[in-house]
K.L.:
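This structure is in structure tokens; I'll ask about it shortly.
Per chain, numbering begins at 1; letters A, B, ... match sequence-line order. Both backbone and side-chain heavy atoms feed into the values below; hydrogens, waters and symmetry mates do not.
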Protein chains: 2
Amino acid sequence: MSAAPAKHDVFQAVADPTRRKLLSLLGDGERPLKDITGHFSMTRTAVSKHLRILSEAGLVKERRVGRETRYSLDTEPLLELKAWLSYFDRFWENKLSMLRAYVESDTDESS
Amino acid sequence: MSAAPAKHDVFQAVADPTRRKLLSLLGDGERPLKDITGHFSMTRTAVSKHLRILSEAGLVKERRVGRETRYSLDTEPLLELKAWLSYFDRFWENKLSMLRAYVESDTDESS
DNA sequence: TTGACATGAAACCATATGGTGTCATATAAT
DNA sequence: ATTATATGACACCATATGGTTTCATGTCAA
């Protein structure tokens, strides 16, 4: 099988406030859809769609139990975000690097 | 209805791969739009729109110098992302918390 | 002053996104 | 067996998003 095209990545998944709230909620443990829906002011279908997107990004696992689908958090994909952020660490960790960046950008001043 | 500001937040800003590439580029220092555009296969206008979105999120500063607009990186808003991510630290930092979450979600098993 | 250059602004377009409502189906409860 | 529940699958809709092209304007160079 060829690797899944991964329609939604973790950056997109996390971009929506509803989905971020979903992740926090699931941080407390596995929950069925109906239970989750109670925490939002939108329809069950809408919540389900958000969970689908989170699932495609690997942030959530689904598991059928009886007639309900239980969702649980998987934080592993957040490591990609963490890694991406770490690229910018040099801009906070010490003022010298910030100064260097400033000086480098200031070599062609014309006014 | 009242016209909402509809501003862009840092999560949305960072969701687009082009914009993430822009941030890396600007990590090397301030650059004028024309220079930036050369690194992408889209039109100058499109790049400009992306920079506008980054600017609204506070991730980029614009500065007019003669007839060009120079863009520079401001990583400060990324701290919000970092802070949000830190909420999930407990899921990686020790296996015990993961185990706890698992056990808590497993109290109503019916299989 | 004339013309090239860098950018902004606006109109437009196709597709993605975030929502809704309705209906079908599997499972649980009576 | 019948009914209530939980969910998924669709069809549909309005707006956002990411891109284009065209035109206007301010600035630099001859």
Side-chain angles (χ1 to χ4, degrees), chain A residues 5-23 25-26 30-57 59-72 105 108-111, chain B residues 1-23 25-26 30-57 59-72 105 108-111:
Chain A
K7 196 181 177 189
H8 290 97
D9 62 36
V10 65
F11 290 92
Q12 276 180 284
V14 150
D16 186 272
T18 298
R19 290 196 287 271
R20 290 197 296 278
K21 189 178 168 187
L22 278 168
L23 293 180
L25 237 184
L26 293 177
E30 191 187 52
R31 288 172 186 272
L33 176 57
K34 192 211 170 191
D35 188 88
I36 296 169
T37 302
H39 291 76
F40 296 85
S41 55
M42 62 188 72
T43 62
R44 170 187 55 81
T45 307
V47 173
S48 182
K49 280 188 179 179
H50 280 300
L51 286 166
R52 172 62 52 93
I53 289 171
L54 289 172
S55 179
E56 284 172 2
L59 285 162
V60 144
K61 299 303 175 203
E62 329 185 11
R63 168 169 143 261
R64 221 48 210 268
V65 176
R67 61 184 162 183
E68 59 187 20
T69 303
R70 298 189 187 171
Y71 293 88
S72 57
S105 71
D108 189 26
E109 216 53 23
S110 52
S111 59
Chain B
M1 309 188 190
S2 55
K7 215 186 166 193
H8 289 96
D9 62 38
V10 66
F11 290 93
Q12 275 180 283
V14 148
D16 185 273
T18 297
R19 289 196 287 269
R20 289 197 297 278
K21 189 178 169 187
L22 279 168
L23 294 180
L25 237 184
L26 294 177
E30 191 186 52
R31 289 170 186 273
L33 176 57
K34 192 210 169 191
D35 188 88
I36 296 170
T37 302
H39 291 77
F40 296 85
S41 55
M42 63 187 73
T43 62
R44 170 188 55 81
T45 308
V47 173
S48 180
K49 281 188 180 181
H50 280 301
L51 286 166
R52 172 62 53 92
I53 290 172
L54 289 172
S55 178
E56 286 173 0
L59 285 162
V60 144
K61 299 303 174 202
E62 331 184 10
R63 170 170 143 259
R64 230 30 218 275
V65 176
R67 59 184 163 185
E68 59 187 20
T69 303
R70 299 189 185 170
Y71 293 89
S72 57
S105 71
D108 188 28
E109 218 48 66
S110 51
S111 54

K.L.:
What is the separation between atom NZ on B/K49 and atom C1' on D/dT20, rounded to the nearest whole Å?
P.N.:
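Rounded to whole Å, this separation is 8 Å.
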K.L.:
Give a yes/no answer on whether the side chain of B/Q12 brings an N or O atom under 4.0 Å of OP1 or OP2 in D/dA16.
P.N.:
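Result: no.
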K.L.:
Hey, could you give me the NZ/NE2 distance between B/K21 and B/H39, rounded to the nearest 0.5 Å?
P.N.:
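So the gap between those two atoms works out to 7.5 Å.
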K.L.:
When you measure from the side-chain N and O atoms of A/H8 to the phosphate of C/dT17, is any distance below 4.0 Å, counting only OP1 and OP2?
P.N.:
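It does, given that an N or O in the side chain of A/H8 lies less than 4.0 Å from OP1 or OP2 of C/dT17.
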K.L.:
Could you check whether the side chain of B/R67 and the base of C/dG8 have a donor-acceptor pair of N or O atoms closer than 3.5 Å, going by distance alone?
P.N.:
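No such pair is found, so the answer is no.
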K.L.:
From CZ of B/R52 over to P of D/dG19, roughly how many Å is that when rounded to an integer?
P.N.:
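Distance check: B/R52 CZ to D/dG19 P gives 16 Å.
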K.L.:
Under 4.0 Å, heavy atoms only, any strand: does A/F40 hit a base, just the sugar-phosphate, or nothing?
P.N.:
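No contact.
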K.L.:
OP1 or OP2 of C/dG8 sitting under 4.0 Å from any side-chain N/O of B/S48?
P.N.:
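Looking at the OP1 and OP2 atoms of C/dG8, one of them is under 4.0 Å from a side-chain N or O of B/S48.
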K.L.:
Measuring from the side chain of B/H50 (C-beta onward, heavy atoms only), which nucleotide among C/dG18, C/dG8, D/dG18 has the closest atom?
P.N.:
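The listed nucleotide nearest to B/H50's side chain is D/dG18.
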K.L.:
At 4.0 Å (heavy atoms only), tell me whether A/T43 reaches a base, stays on the sugar-phosphate, or touches nothing.
P.N.:
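A/T43: base contact, heavy atoms under 4.0 Å.
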K.L.:
Map A/R64 and A/S41 onto DNA chain C by nearest heavy atom, then report which one ends up closer to the 5' terminus.
P.N.:
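Mapping each residue to its closest nucleotide by heavy atoms, the 5'-most match is A/S41.
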K.L.:
Establish whether the base of D/dG8 is bridged to the side chain of A/R44 by a donor-acceptor pair shorter than 3.5 Å.
P.N.:
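For A/R44, whose side chain was compared with the base of D/dG8, there is a donor-acceptor pair (under 3.5 Å).
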K.L.:
Within the 4.0 Å heavy-atom criterion, would you say B/T45 contacts the bases, only the backbone, or no part of the nucleic acid?
P.N.:
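Here B/T45 touches the bases of the nucleic acid.
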